There are 2 protein chains.
Amino acid sequence: MYGCAMATPQQRRAARHAPSDAPSATRKVPITADRITEAALEIVAAGGYDALTMRNVAARLETGPASLYAHVVNKADLDELLIGRLCSQIELPQPDPARWREQIADVCTQLRDQYLSYPGISRAALAIDVTDLDVLRVNEGMLAILIAAGIAPQSAAWSIDALFLYVGAYAMDIAVADTEADPDKQRFTTEHRSDLIARFESLPADRFPNIRTYATELTSGTAHSRFDFTLGLMLGSITPSTRPPR
Amino acid sequence: MYGCAMATPQQRRAARHAPSDAPSATRKVPITADRITEAALEIVAAGGYDALTMRNVAARLETGPASLYAHVVNKADLDELLIGRLCSQIELPQPDPARWREQIADVCTQLRDQYLSYPGISRAALAIDVTDLDVLRVNEGMLAILIAAGIAPQSAAWSIDALFLYVGAYAMDIAVADTEADPDKQRFTTEHRSDLIARFESLPADRFPNIRTYATELTSGTAHSRFDFTLGLMLGSITPSTRPPR
DNA sequence: CGTTAGTCACGAACACTGTTCTACACTACG
DNA sequence: CGTAGTGTAGAACAGTGTTCGTGACTAACG
């Protein structure tokens, strides 16, 4: 009586990783969770995370929004699929205790670049719990590197957590800075920077002495040197003897 | 012809910090940006950031949504006002070169607690640029501490940036974990933790060996020890001789 | 005192969002 | 051929942020 005939999206999610034994090609181009994920990623890459609406995804698949809900539970579920896809693209190295810092930094950089390829998607990444298998895979890979390097398990786990959070927040920061500079097509990042310096130097000198004098240092940091600096900051403190403060 | 009689919200924003020489009490309870900010903060404190809608704010002020737009440009502007208010509550210590790590950690902890008092508001904090005066005040205060400690200006600026990003991301993480555990009123955080351990240990052993064996370490970290650990991680690498890698 | 000007408030509406209900087409099987 | 079952959509609902135009009310001016 209460049972709907259609398989619930949850069941489809569970069976998603099962081998597709019989696609059976019922429709000409059947809608699958993979196609939805792909279309969604294209939309984000083109128009940013704000452009990611169910209607846009449906339109790109030439259908209505309701059709998506047979394969995706939620928009939150779609978000999870997206960052899962991103994480699945990341290559995890074989742990080498001699080069563990380099390896961790490499994974973080890969994650950062994945985020930056899809502007604003880090908002979804920060609003998700880490139960997704693909995300856990990256977590496992970084854990393996740190454990192999002799880091205490708890320090390793907490460090990975901190790194994840920072990478997401950094990508978010870059994304909002870019979208705010987007309307001003004329101004490049360098132009925008001189604007920022001017604003800093026009601050009241009695309340903001340091920001005024160090305006250039505050706004400097071309490319991702800020990112590399912070990674070095965090990785520098981690040593095989670093035990958690308990 | 094109000029509307009403003062634009931008003008009101500009004159916001001017001394209120003549409140003139025109209405019985006039709507001001301050009252809007206050009402918005109460809503977030009670129902989380998702409950912060213009209609909810207007309803709490016993008016319609349109009335808010005479004092606030945008919802993004409201967000900026909110985190500005949060930052204005933070007490900045007089820089003491001998205790600079302690002082920085204290400011970060204050910021974290402010965020956590208003669940989910860190989403707004991460999506904003740092042009707000109240945010810059905190930035200036931390910069003063680090400069007084003899840290190179660029290292200081980048470190502050990284700390800000991490605090925001951490608060966000806590908020989403809480809201997901909210429907299960019965389960406390500890109960939720055992759930997480069980899920980790039920992972396939061939693909997630480390997560399985260190499940307890991964989920441990009562209270804010994770937060303190990361702060120590970042502050530990900063030394008066730490120059940026350039 | 009467009139005008200016400011603010607010109801109604618009375009948009995520989501659900229901009916519809189509395949596979008995 | 008929029936069950599955995937597909159209239409609609409850919300969201935001704007337009009208209305009321205070303040100043002749």
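Since we're looking at a predicted model, the values are computed, not measured. Labels below follow one simple rule: chain letters A, B, ... track the order of the sequence lines, proteins then strands, and each chain is numbered from 1.
- A search for side-chain contact (heavy atoms from CB on, under 4.5 Å) contacts involving B/Ala51 returns B/Ile43, B/Asn56, not counting sequence neighbours.
- Contacts classified as side chain to side chain donor-acceptor pair (under 3.5 Å) and involving residues 41-50 of chain A (residues at least two apart or in different chains) are given here: A/Glu42-A/Arg60, A/Tyr49-A/Lys75, A/Tyr49-A/Asp79, A/Asp50-A/Arg123.
- Every residue two or more places apart in sequence or in another chain that forms a side-chain contact (heavy atoms from CB on, under 4.5 Å) with A/Arg55 is listed here: A/Thr53, A/Pro65.
- Considering only side-chain N and O atoms, B/Ser67 lies nowhere under 4.0 angstrom from the phosphate OP1 or OP2 of C/dA9.
- Across the protein-nucleic acid pair, B/Leu68 atom CG and C/dC10 atom C1' stand 11 Å apart, rounded to whole Å.
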Output side-chain donor-acceptor pairs under 3.5 Å for residues 166-174 of chain A, partner residues at least two apart or in another chain, one line each.
from	atom 1	to	atom 2	distance (Å)
A/Tyr166	OH	A/Thr230	OG1	3.0
A/Tyr170	OH	A/His224	ND1	2.8
A/Asp173	OD2	A/Arg226	NH2	3.0

Listed pairs under 3.5 Å, donor-acceptor, residues 136-143 of chain B side chains, sequence neighbours left out:
from	atom 1	to	atom 2	distance (Å)
B/Arg137	NH2	B/Cys87	O	3.0
B/Arg137	NH2	B/Ser88	O	3.4
B/Arg137	NH2	B/Ile90	O	2.6
B/Glu140	OE1	A/Asn210	N	3.4
B/Glu140	OE1	A/Ile211	N	2.9
B/Glu140	OE2	A/Asn210	N	2.9
B/Glu140	OE2	A/Asn210	ND2	3.0

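- With sequence neighbours excluded, the residues that form a salt bridge (charged side-chain N to carboxylate O under 4.0 Å, His left out) with B/Glu38 are B/Arg85.
- At whole-Å resolution of the value, CD1 in A/Ile36 and P in C/dT19 are 13 Å apart.
- Between A/His71 and the phosphate of D/dT8, there is a side-chain N or O to OP1/OP2 separation shorter than 4.0 Å.
- Summary for the helix from C/dC1-D/dG30 to C/dG30-D/dC1: the axes at its two ends, each from 5 pairs, differ by 20° when rounded to the nearest 10 degrees.
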- Message: Walk along nucleotides 12-18 of chain D from 5' to 3' and tag each nucleotide B, S or - by protein heavy-atom contact under 4.0 Å, base first, then sugar-phosphate.
- Response: B---BBB
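- Within the 4.0 angstrom heavy-atom criterion, only backbone atoms of the sugar-phosphate kind lie near B/Thr63; the bases stay farther away.
- Whole-Å rounding puts the B/Ile31 CD1 to C/dT7 C1' distance at 13 Å.
- A distance of 9.5 Å separates CG of A/Leu203 from CD of A/Glu201, quoted to the nearest 0.5 Å.
- In this structure, the side-chain contact (heavy atoms from CB on, under 4.5 Å) partners of A/Gln89, at least two apart in sequence or on a different chain, are A/Gln114.
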